[in-house]
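Below is one structure, written out as C-alpha cells; the observations come after it.
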2 protein chains.
Amino acid sequence: MPSTTTPALKRVLNAAVVQFARHGYEGASLSGIAADAGIRKASLYSHVKNKNALFLAVFEDALHSEARFARDCFARPDPKWPGQNYCESLLARYADSEHFRFLLRTAYIPPEPLFHELQEGYETYMQQLLADFTTALRRHVGGVLSDRDADIMGHAWMGMVDSLHVALIYIGQARFEARLNALEHLMGDSIARLVKG
Amino acid sequence: MPSTTTPALKRVLNAAVVQFARHGYEGASLSGIAADAGIRKASLYSHVKNKNALFLAVFEDALHSEARFARDCFARPDPKWPGQNYCESLLARYADSEHFRFLLRTAYIPPEPLFHELQEGYETYMQQLLADFTTALRRHVGGVLSDRDADIMGHAWMGMVDSLHVALIYIGQARFEARLNALEHLMGDSIARLVKG
DNA sequence: TCAGAACTACCTACCGGTCGGTAGCTTTTT
DNA sequence: AAAAAGCTACCGACCGGTAGGTAGTTCTGA
C-alpha cells in the first residue's frame with residue numbers, strides 16, 4: 001500500500017472505480033481499466049499489486065468518501081426528523097458520486113475472494129451511520145427516549161436506508177421519490193408518537 | 001424449449017439453480033453445473049441451448065415458485081396487519097428455497113446480457129405483489145381508504161419488503177428479526193392511524 | 001545516470017461452445 | 001423374427017477468445 005498517491009495512480013483509481021461500479025468485480029477487466037487510465041494493462045502493475053489490491057484501494061476510497069458524505073448530512077440540522085438530510089440527499093449523491101455507485105453495486109453481494117476484508121469495512125461504516133442517527137434521534141426527542149425505543153427506531157431507519165439504496169439501483173427516479181415520500185410518512189408518524197409518549 | 005421435463009433435465013436445472021444462486025451468472029461455470037448434475041459439460045447441450053437459455057429457464061422456475069409462495073401467504077388471513085404473513089415467512093423461505101436465494105442474488109443486479117428479458121419478469125412479479133398487498137390493505141381498513149393513502153402505503157410496504165430482502169442477503173438472522181420487528185412497529189403505527197382516520 | 005514507469009510479448013488457466021463419434025434403445029423394413 | 005436405420009444422451013478432444021499475471025526491454029524525467 002503506497003502512502004503517496006501519484007497523479008498516475010490517481011488516474012488508475014478513477015478508471016477503476018468507474019469500471020467496478022459499472023461492471024462489478026468480475027465483469028471489470030484490467031485491460032479496460034488500464035485503457036481508461038491511458039496506459040497498457042501490464043503498466044498497471046507498476047502502481048498496484050494485483051486486481052484484489054486495486055479493488056481494495058478503491059473500496060477504501062469509497063468508504064472514506066461515503067463516511068464524509070454521511071458526516072456532512074448529519075452535521076446540518078434535520079428540518080423535520082432525524083436522518084432526513086441523509087435520505088433526501090441520496091438521489092443527488094447517486095447521480096454524482098461514482099464511489100457511491102461502486103459501494104452500492106458491491107455492498108450486498110461482494111466479490112467472493114474479498115468477502116472477509118470487505119465485510120469488516122462495511123460493518124464499521126454501517127455502525128457509524130447508525131450511531132449518527134441515534135444521537136440525532138436523541139437530540140430530536142429530548143430525554144424521554146428509552147433504550148428499547150432507540151434500538152427499534154435505529155433498526156427501522158437502517159432498514160429504510162437499505163430500502164432507499166436498493167431503490168436507487170433498480171427503480172427509476174420517479175418511484176424512488178415515491179418510496180422516499182412513503183417511508184417519510186411512516187417515519188414521521190412513529191417519531192411523532194414517540195415524542196408524545 | 002422442450003415442453004416435457006425429463007428427469008435428466010430436472011437434474012440439470014436443480015444443479016443450475018444452486019450454482020447460480022451461490023456464484024451468480026458469471027461466477028457459475030457450465031462445467032460446474034454439469035458436474036453437479038452428474039454429466040459432462042458437452043452433454044448439457046443435449047438439454048439446453050446455451051448458458052443464457054439455461055439461466056432463463058431457471059429464472060422462469062424461480063418466478064413461478066415465488067409467485068406461488070406469495071399467493072399462499074396472502075391466501076391466509078393476516079393476524080394483525082396486511083402483508084404480515086409474507087414478511088414473517090421470509091426467513092424460513094430464505095433458508096428453504098434455492099429458487100428464492102437465486103432470485104435475491106440476481107434481482108437487483110441482473111446479468112448484463114439478459115437485462116431486458118429479466119427486467120420484465122421481475123416487474124410483473126413485483127406488480128402482482130403490490131396488487132396483493134393493496135387488496136389486503138383495503139380489506140383491512142374497510143371502505144375509508146383514499147387512493148392516495150393506498151398508494152403511499154403500497155410504496156411503503158414494497159420498500160419494507162426490499163429492506164427485508166436485503167437483510168436476508170447480508171445481515172445475520174438475529175438482525176433480520178430485529179429489523180422485521182422494528183419495521184412492523186412503523187407499519188402498525190401508520191395503519192392504525194389510517195384506520196382511525 | 002539511474003530509478004521507475006511505460007511498453008511488447010508472452011504465459012497459464014479457464015471460459016462458453018462445437019465437433020465427431022459411440023453405446024444403447026426404439027422404430028421401421030424386409 | 002431379424003436386420004437395418006434412426007434417435008437420444010452422452011463423451012473426450014478441441015476451438016477461439018479472454019482473463020489475470022509475468023519477464024524482459026525501452027523510454028523518460030529529475
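Here is the naming used below: chain letters follow the sequence lines, and residue numbers restart at 1 for every chain.
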Between CG of B:L44 and C1' of C:dG17 the distance, given in whole Å, is 11 Å

On DNA chain D, more 5' by nearest nucleotide between A:L30 and B:T6 is B:T6

For this session: Establish, for the pair A:R105 and A:F20, whether the NZ or CZ atom is under 6.0 angstrom from the six-membered ring centre and no further than 45 degrees off its axis.
Result: no

Taken to the nearest whole Å, CD/B:E26 to C1'/C:dC14 is 14 Å

Per atom distances to the A:I39 side chain, the nearest of C:dT18, C:dG16, C:dC7 is C:dC7

Subject >> Presence of donor-acceptor pair under 3.5 Å, side chain of A:K41 and base of D:dG21 >> reply: yes

| said: Under 4.0 Å, heavy atoms only, any strand: does A:S43 hit a base, just the sugar-phosphate, or nothing? | reply: base

Taking C:dC7, D:dC10, C:dG17 as options, the one with an atom nearest any side-chain atom of B:N50 is C:dG17

Side-chain atoms of B:R11 come closest, of C:dC15, D:dC10, D:dA19, to D:dC10

Of B:W157, B:Y86, B:F74, the one forming a ring-ring contact (aromatic ring centres under 6.0 Å, His included) with B:F133 is B:W157

Classify the nucleic acid contact of B:S46 as base, sugar-phosphate or nothing, counting any heavy atom under 4.0 Å across all strands shown.
-> base

Examine D:dT8: is either OP1 or OP2 under 4.0 Å from a nitrogen or oxygen in the side chain of B:H47? Give yes or no.
no

To the nearest angstrom, the CG-P distance between A:N52 and D:dA19 comes to 17 Å

Rounded to whole Å, the CD1-C1' distance (A:I33 to D:dG21) equals 14 Å

Side chain proximity check, B:E117 to B:L56, heavy atoms < 4.5 angstrom
yes

Review point. Is B:E184 close to B:E88 at the side-chain level, that is, under 4.5 Å between some pair of heavy atoms?
Key: yes

Sidechain N-carboxylate O distance under 4.0 Å for A:D78, A:R139: no

Quick note, A:R40 side chain, CB onward, closest among D:dG20, C:dT8, C:dC15 is C:dT8

When rounded to whole Å, the CG to P distance for the pair B:L9 and D:dC10 reads 10 Å

Item to complete: Would you indicate what B:A34 reaches in the nucleic acid, counting non-hydrogen atoms under 4.0 angstrom: base, sugar-phosphate, or nothing?
Response: nothing

